[in-house]
2 protein chains.
Amino acid sequence: MGPTSRATPYWYEDRDVVGMLEALRTFRRADQDMRARLSAGMHMNVTDLQALRFVIAAENAGEVATPRGLATHLHISTASTTKLLDRLTGSGHLAREPHPSDRRSLVVVATDHAHEEVRERLARMHERMAEIAREVPVDARPAVEDFLVRMAAHLDTEGDVPPLRPAPRRPAAPTTSG
Amino acid sequence: MGPTSRATPYWYEDRDVVGMLEALRTFRRADQDMRARLSAGMHMNVTDLQALRFVIAAENAGEVATPRGLATHLHISTASTTKLLDRLTGSGHLAREPHPSDRRSLVVVATDHAHEEVRERLARMHERMAEIAREVPVDARPAVEDFLVRMAAHLDTEGDVPPLRPAPRRPAAPTTSG
DNA sequence: CAAAGTATCTAGCCTGGCTAGCAATAAGGA
DNA sequence: TCCTTATTGCTAGCCAGGCTAGATACTTTG
């Protein structure tokens, strides 16, 4: 309890640590809420907006977006992707075009209207985000980036299979009955 | 295009900025994926796990969790909360108990098994997260926290109503017609 | 005490995922 | 070349997990 000879006792360091972790949670919550509001404001669900942004990003990068690529990126099935494309072509945000080299596939393109709407709603936000990033002291920036990247790498290794329960149920694989 | 007299030309600064923003996206993606894996590993959906953690957090804070509080926290309706409680009591993670002072309401408590399972799966992860946070240089920590908090605050102001469309519909508040 | 408000639950609907299976096309080996 | 296998996107039909509306029990307020 009493002060020690160290300039920064252990509990002081911990306050920083707790602050950063709380800030991380705060950010995540804010980001999630923003996405929900944004997609609701565009009269679509969160996945559809993510898809739209993926297609636009692909176009900006000079690449072609296919339904298969969309399914992979969004971690949904190709069947769900078909429905998603039906929704977004129906709303006038996307269009299906023939694939130049693979006649099984097709190319997904964003309409001018979609480009405009997304740019309109996100340009200001992205600008301000960069501004906030620029407000970080130059010599602290590598630490910020490092912290986030390392945290992401850690999360990629967590939450996998349970270390205890041996996978409770497996609907398939009939052994005795049936 | 050519080099200037400045030690850190503008594009160098921008590289830091871009790096931080990319790291932010990377973190968000990793966090989302982790949550999906974690809840899948516990045979529940993401919302249910969030609810479970909310109840446990309330207990640890010496507070009581009610269905209403759960609904508010999760941004779902009370009807959906009833279904959620049915699922989680059915799986043996939560239990409904009488509310000590409001006989309309009830108190939601986590079972011992739920406490144990969550602690088991999250303790190591949280420890490692704190470890990663402690690896951030002490003098950079305020900048890290600030960056995240400011970014969160910004996101809280974005994605709202479109700056163009005049708030599509407002069911209540009749002014002229009706 | 009566009226209005609040908490939870039930009933029934809708969205957005999923799997299974299909036709068309591509890719690879005998 | 030709036959087999893999891949792509689609349709059909199912299910989980949200939602609104309305019922009931209780609390709060005038």
Side-chain angles (χ1 to χ4, degrees), chain A residues 32-33 35-37 39-40 42-52 54-55 64-91 93-109 169-173, chain B residues 32-33 35-37 39-40 42-52 54-55 58 63-91 93-109 169 171-172:
Chain A
Q32 230 165 253
D33 291 355
R35 274 160 203 279
R37 284 197 307 274
S39 51
M42 293 176 72
H43 308 101
M44 56 178 72
N45 65 48
V46 178
T47 308
D48 287 8
L49 178 57
Q50 198 182 346
L52 185 53
F54 175 79
V55 171
V64 294
T66 65
R68 158 60 54 192
L70 221 28
T72 302
H73 177 72
L74 300 172
H75 299 111
I76 61 177
S77 68
T78 60
S80 301
T81 304
T82 296
K83 281 192 184 178
L84 181 148
L85 289 176
D86 289 345
R87 287 194 298 271
L88 287 177
T89 54
S91 66
H93 288 99
L94 294 180
R96 290 169 163 105
E97 291 190 356
H99 193 289
S101 60
D102 188 338
R103 276 189 297 175
R104 291 170 306 179
S105 186
L106 52 87
V107 169
V108 180
V109 297
R169 205 62 35 123
R170 266 301 195 176
Chain B
Q32 229 165 253
D33 291 357
R35 275 159 202 281
R37 282 197 308 274
S39 50
M42 292 176 71
H43 309 101
M44 55 179 72
N45 65 49
V46 178
T47 306
D48 288 8
L49 178 56
Q50 198 182 346
L52 185 52
F54 175 80
V55 172
E63 296 163 3
V64 294
T66 65
R68 159 62 55 193
L70 221 28
T72 302
H73 177 72
L74 300 172
H75 300 112
I76 61 177
S77 68
T78 60
S80 301
T81 303
T82 296
K83 281 192 184 178
L84 180 148
L85 288 176
D86 289 346
R87 287 193 297 271
L88 288 177
T89 55
S91 67
H93 288 98
L94 295 181
R96 291 169 162 104
E97 292 191 355
H99 193 288
S101 60
D102 189 338
R103 275 189 297 175
R104 293 170 305 180
S105 186
L106 52 88
V107 169
V108 181
V109 298
R169 208 57 39 121

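Note that the structure is a prediction, hence the values are computed from the model and not measured. Quick note on labels: first sequence line is chain A, next is B, and so on, each numbered from 1.
- Within the model, atoms CD of Gln32(B) and CD of Gln32(A) stand 6.5 Å from one another, a figure rounded to the nearest 0.5 Å.
- Between Lys83(B) and Asp48(B) there is no salt bridge, since none of the side-chain N atoms of the basic residue sits less than 4.0 Å from a carboxylate O of the acidic one.
- What separates CG of Leu106(B) from P of dT27(D) is a distance of 13 Å, to the nearest Å.
- Protein atom CG of Leu70(A) is 11 Å distant from nucleotide atom P of dC10(D), rounded to whole Å.
- The two residues Pro67(A) and Thr81(A) have their closest heavy-atom pair at O-CG2, 3.5 Å.
- Using a 4.0 Å heavy-atom distance criterion, Leu84(A) is classed as making no nucleic acid contact.
- Judged by distance alone with a 3.5 Å cut-off, a donor-acceptor contact links the side chain of Arg104(A) to the base of dT7(D).
- Atom-to-atom, CG of Asn45(B) to C1' of dC15(D) comes out at 13 Å; the value is rounded to the nearest Å.
- One finds no side-chain N or O of Thr47(A) lying less than 4.0 angstrom from the OP1 or OP2 phosphate oxygen of dG16(C).
- Applying the 3.5 Å distance criterion, the base of dT8(D) shares no donor-acceptor pair with the side chain of Arg68(A).
- Applying the 4.0 Å criterion to OP1 and OP2 of dA7(C), one finds that Arg103(B) has every side-chain N and O outside that range.
- Of the residues in residues 71-83 of chain B, those with a non-hydrogen atom less than 4.0 angstrom from any atom of DNA chain C are Thr78(B), Ala79(B), Thr82(B), Lys83(B).
- Shortest non-hydrogen contact noted between Arg35(A) and Val46(A) is O-CG2, 4.4 Å.
- Closest non-hydrogen pair, Asp86(B) versus Thr89(B), comes out as O-OG1, 3.2 Å.
- For Asp48(A) and Asp102(B), each mapped to the nucleotide of DNA chain C holding its nearest heavy atom, the one lying further toward the 5' end belongs to Asp102(B).
- The separation between Asp86(A) atom CG and dC10(D) atom P is 7 Å, rounded to whole Å.
- To the nearest 0.5 Å, the span separating OG1 on Thr82(A) from CD1 on Ile76(A) amounts to 9.0 Å.
- Between His43(A) atom NE2 and dT15(C) atom C1' the separation is 16 Å, expressed in whole Å.
- Counting to the nearest Å, the P atom of dT7(D) and the NE2 atom of His99(A) are 16 Å from each other.
- At whole-Å resolution of the value, CZ in Arg96(A) and P in dG9(D) are 10 Å apart.
- Separation of atoms OG1 (Thr47(A)) and NE2 (His75(A)) is listed at 12.0 Å; rounding is to 0.5 Å.
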